[in-house]
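Notes to accompany the following structure.
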Amino acid sequence: MTDENSIDAFIRGIPKAELHLHIEGSLEPELMFALAHKHGVELPYANVEELRNAYQFDDLQSFLDLYYAGAAVLRDEDDFHALTMAYLERSHADGVVHVEIFFDPQTHTERGIAFATVIDGIRRALADGERTFGITHRLILCFLRHLDAADAMRTLEQALPYKHAIVAVGLDSSERGHPPSKFEEVFARARREGFLTVAHAGEEGPPEYIVEALDLLHVARVDHGVRCEEDAALMQRLVRERMPLTVCPLSNVKLRVVQRMQDHNLKRLLDRGLCVTVNSDDPAYFGGYVVANYQAAQRGLDLSRADIAQLAANSIEASFLPDAEKQNWQRKITAFAAV
Ligand code: HPA
Ligand code: ZN
């Protein structure tokens with residue numbers, strides 16, 4: 001840390017949670033090639049560099065096409081363990097103390113990989129990561145919204161034996177044309193089974209999708225949600241309810257939700273009193289993990305130390321940790337920021 005300037009050391013050192021992370025999106029090109037070699041899978045790229053160069057996206061869909069193709073190298077339990085361990089190691093180095101990670105079972109079950117293979121590998125790594133790095137964790141199952149609701153319902157049923165290990169269900173993949181209302185029944189069933197709910201909404205989709213996520217899916221957090229500013233009444237509601245938004249600054253620039261970091265509304269939302277948080281989304285594809293996201297936002301929006309501390313505090317507030325653990329981390333954040 002010695003060669004970091006002081007704001008960067010502050011960003012790295014402050015305790016924080018990551019609440020918006022697709023584990024499949026942490027698959028670095030090096031591991032993708034190693035697993036392709038292990039399983040005799042042919043990748044349409046000659047090497048790591050060529051693959052990295054392909055990470056230029058026009059929109060969400062152009063990214064998703066590569067993301068699903070890349071995930072095809074994940075085949076056995078050890079692959080999911082290696083993937084998750086690598087993410088936890090990087091997050092630990094970034095001062096992340098708690099993670100709530102998404103996994104997309106349908107991306108794998110559609111290719112004939114068993115649900116158990118996926119979740120057992122991820123869970124074993126989460127347990128190892130807690131022992132090794134002291135990082136606590138929750139797991140969130142995301143349904144792919146471009147598939148139909150019946151497919152999501154079957155996936156929910158496959159998850160029931162693992163109910164104790166999954167805190168919430170969520171909704172990801174292609175947003176436009178796949179509104180939250182499509183999954184109202186699946187989410188109602190999930191809530192009856194005891195799951196909390198979250199959903200991607202208002203990334204590329206309109207603010208109406210955020211309203212649907214709140215009213216129909218009863219979400220505890222909105223993932224992305226940055227298009228909320230287009231609806232004044234919704235903005236007031238989000239402030240009043242302290243409804244968390246899990247914002248992903250580098251993702252938003254890479255997928256052209258905003259054209260430049262200087263145009264991002266993170267700081268405006270923070271100043272309006274929204275419970276916004278900073279997260280990496282798919283760090284292997286979007287150019288960095290949590291610290292890189294805080295740094296890019298700090299530079300682009302001229303965030304102060306107080307802003308950074310508020311974002312870290314928001315990440316704990318918005319987490320699914322028990323209140324006593326939240327209070328413990330909030331005290332540590334306050335003490336860290338006071339030095
Ligand atoms: N949006 C929607 N679906 C996703 C994303 C995202 O940013 N990342 C992985 N799946
Ligand atoms: Zn996401």
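What's counted below: heavy atoms across the whole structure, side chains too, no hydrogens, waters or symmetry copies. Atoms within each ligand, like the ligands themselves, are counted from 1 in listed order.
Under the 4.0 Å criterion applied to side-chain N and carboxylate O atoms, K267 and D271 are assigned as salt-bridge partners. Using a 4.0 Å cut-off between a side-chain N of Lys or Arg and a carboxylate O of Asp or Glu, R189 and E185 do not qualify as a salt bridge. In summary, D172 and R145 do not engage in a salt bridge, as defined by a charged side-chain N under 4.0 Å from a carboxylate O. With respect to D79 and K38, a salt bridge is recorded, a charged nitrogen being found less than 4.0 Å from a carboxylate O. Salt bridge absent: K326 and E317 never bring a charged side-chain N and a carboxylate O closer than 4.0 Å.
At a heavy-atom cutoff of 4.0 Å, ligand 1 is contacted by the side chain of H224 but not by its backbone. Within the 4.0 Å heavy-atom criterion, the part of L64 lying near ligand 1 is the side chain and not the backbone.
Considering only non-hydrogen protein atoms, atom 8 (N) of ligand 1 sits nearest to D282 OD2, 2.7 Å. From the protein, the heavy atom lying nearest to atom 7 (O) of ligand 1 is D281 OD2, 2.7 Å. Of the protein's heavy atoms, H22 CE1, 3.5 Å lies nearest to atom 10 (N) of ligand 1. Of the protein's heavy atoms, S173 N, 2.8 Å lies nearest to atom 3 (N) of ligand 1. At the shortest separation from atom 1 (N) of ligand 1 among protein heavy atoms lies E203 OE1, 2.9 Å.
Here D172 fails the criterion, with no N, O or S atom under 2.8 Å of the Zn ion (ligand 2). Among the backbone and side-chain atoms of C248, none of the N, O or S atoms lies under 2.8 Å from the Zn ion (ligand 2). Backbone or side-chain N, O or S atoms of H200 reach the Zn ion (ligand 2) at under 2.8 Å.
Note: H178 and H200 fail the aromatic proximity criterion, with ring centroids not under 6.0 Å apart. The aromatic ring centres of H22 and F103 sit 6.0 Å or more apart.
For the pair R305 and F10, the distance from NZ or CZ to the six-membered ring centre is under 6.0 Å and the angle to the ring normal is within 45 degrees.
When the Zn ion (ligand 2) is compared with the N/O/S atoms of D281, atom OD1 turns out nearest.
If you number the atoms of ligand 1 from 1 as listed, the ones under 4.0 Å from a heavy atom of F63 come out as 8 (N), 9 (C).
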